Amino acid sequence: KNQVEQSPQSLIILEGKNCTLQCNYTVSPFSNLRWYKQDTGRGPVSLTIMTFSENTKSNGRYTATLDADTKQSSLHITASQLSDSASYICVVAPRDYKLSFGAGTTVTVRA
Amino acid sequence: NAGVTQTPKFRILKIGQSMTLQCTQDMNHNYMYWYRQDPGMGLKLIYYSVGAGITDKGEVPNGYNVSRSTTEDFPLRLELAAPSQTSVYFCASSYAPGLAYEQYFGPGTRLTVT
């Protein structure tokens with residue numbers, strides 16, 4: 001069964017600090033992976049997409065990495081802002097397009 | 001451009017009641033999806049549609065029905081509501097399946113069945 005595990009479940013950081021979220025998956029064969037940001041009470045919004053051949057991709061202060069060999073991805077948030085407080089969801093697609101969603105990591109940024 | 005809209009935002013149902021969750025997209029996407037999101041769990045696909053008149057079951061279809069008479073609308077019907085259907089429901093749409101094309105999500109409907 002295809003699975004996506006995210007860690008930590010939640011974290012609290014001070015404004016201006018960096019943090020890294022982890023995503024481990026068992027999806028195979030692997031097609032691509034997206035990180036979504038979900039603000040409280042809203043639907044998820046895509047931050048970045050990575051294909052199996054990409055190692056790193058940035059979107060402003062968000063940088064995603066992918067190691068397709070170890071089936072791991074990470075999302076690094078640099079110089080966190082209060083608006084980064086949200087749930088971050090890792091989604092993986094095998095070649096048959098049946099998406100697997102992680103449970104998400106809840107990030108709380110405190111002033 | 002409104003994107004994906006859902007109504008209602010909140011609803012409380014009694015056990016055994018029925019309701020329809022509305023979803024509309026204005027991006028002319030052929031693919032539309034209904035998900036449910038339970039606390040501490042990843043989104044689960046209930047039903048999806050690849051175009052007007054074509055729908056198919058996802059992972060957790062029991063207790064739900066859908067229809068797709070137009071490209072824009074994809075309502076989700078709950079018959080005989082049960083407490084297990086208490087959840088947040090998201091509708092999404094995309095140009096194509098998989099992750100190569102982004103799925104755009106609506107704001108969600110928070111449903112409580114008591």
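Below, chain A is the first sequence line, B the second, and so on; all start at residue 1. Since the model is a prediction, treat every value here as computed from it, not as a measurement.
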> Any link between A/L66 and A/V4 through a network of hydrophobic side chains (Ile, Leu, Val, Met, Phe, Trp, Tyr) touching at under 4.5 Å?
Replying inline: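 In one cluster: yes.
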> When hydrophobic residues are tied together by side-chain contacts of less than 4.5 Å, even through go-betweens, does A/L11 share a cluster with A/L82?
Replying inline: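 In one cluster with A/L11: A/L82, yes.
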>> What part of A/Q6 gets within 4.5 angstrom of chain B, counting heavy atoms only: side chain, backbone, both, or neither?
In response: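 Answer is neither: A/Q6 stays 4.5 Å or more from chain B.
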> Checking A/R34 against chain B: side chain, backbone, both or neither under 4.5 Å from a heavy atom?
Replying inline: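 Both parts, heavy atoms under 4.5 Å.
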> Under a 4.5 Å heavy-atom cutoff, which of A/S46, A/S87, A/P44, A/G43 has the most pairs with chain B?
Replying inline: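 Highest number of heavy-atom pairs under 4.5 Å: A/P44.
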> Would a 4.5 Å heavy-atom cut-off, applied to side chains only, mark B/Y101 and A/I49 as touching?
Replying inline: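 No, too far: nothing below the 4.5 Å cut-off.
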>> Using every non-hydrogen atom in the two residues, find where B/L99 and A/L99 come nearest and quote the distance to one decimal.
In response: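 So the two residues come closest at CG-CD2, 3.7 Å.
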> At their closest point, which heavy atom of A/A103 faces which heavy atom of B/G40, and how far apart are they?
Replying inline: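 Taking A/A103 first and B/G40 second, the nearest heavy atoms are CB-O, 3.4 Å.
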>> Just to be sure I understand the criterion: a residue of residues 77-88 of chain B counts if one of its heavy atoms is under 4.5 Å from a heavy atom of chain A. Which ones qualify?
In response: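 So far as heavy atoms go, nothing in residues 77-88 of chain B approaches chain A to under 4.5 Å.
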>> With rounding to the nearest 0.5 angstrom, report the CZ to CZ distance, B/F105 to A/R42.
In response: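 Reported to 0.5 Å precision, the distance equals 14.0 Å.
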> Checking B/Y48 against chain A: side chain, backbone, both or neither under 4.5 Å from a heavy atom?
Replying inline: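 Neither part, no heavy atoms under 4.5 Å.
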>> Given heavy-atom pairs under 4.5 angstrom as the criterion, report whether the side chain, backbone, both or neither of B/A100 touches chain A.
In response: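 B/A100 touches chain A through backbone and side-chain heavy atoms alike.
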>> Walk me through whether B/Q103 and A/Y36 qualify under side chain to side chain contact (heavy atoms under 4.5 Å, CB included).
In response: CA-CA 10 Å; B/Q103 285 194 16; A/Y36 278 84; 3.7 Å; yes
>> Heavy-atom count check: over 12 atoms from other residues, nucleotides or ligands less than 6.0 Å from B/I12 CD1?
In response: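 No, because the 6.0 Å sphere around CD1 of B/I12 holds 12 heavy atoms or fewer from other groups.
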>> Determine whether B/L43 and A/I89 satisfy the following criterion, side chain to side chain contact (heavy atoms under 4.5 Å, CB included), listing intermediate values before the conclusion.
In response: CA-CA 9 Å; B/L43 275 77; A/I89 301 171; 4.2 Å; yes
> Which residue out of B/Q6, B/M41, B/Q37, B/E102 racks up the most heavy-atom pairs below 4.5 Å with chain A?
Replying inline: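 Among B/Q6, B/M41, B/Q37, B/E102, the one with the most close pairs to chain A is B/E102.
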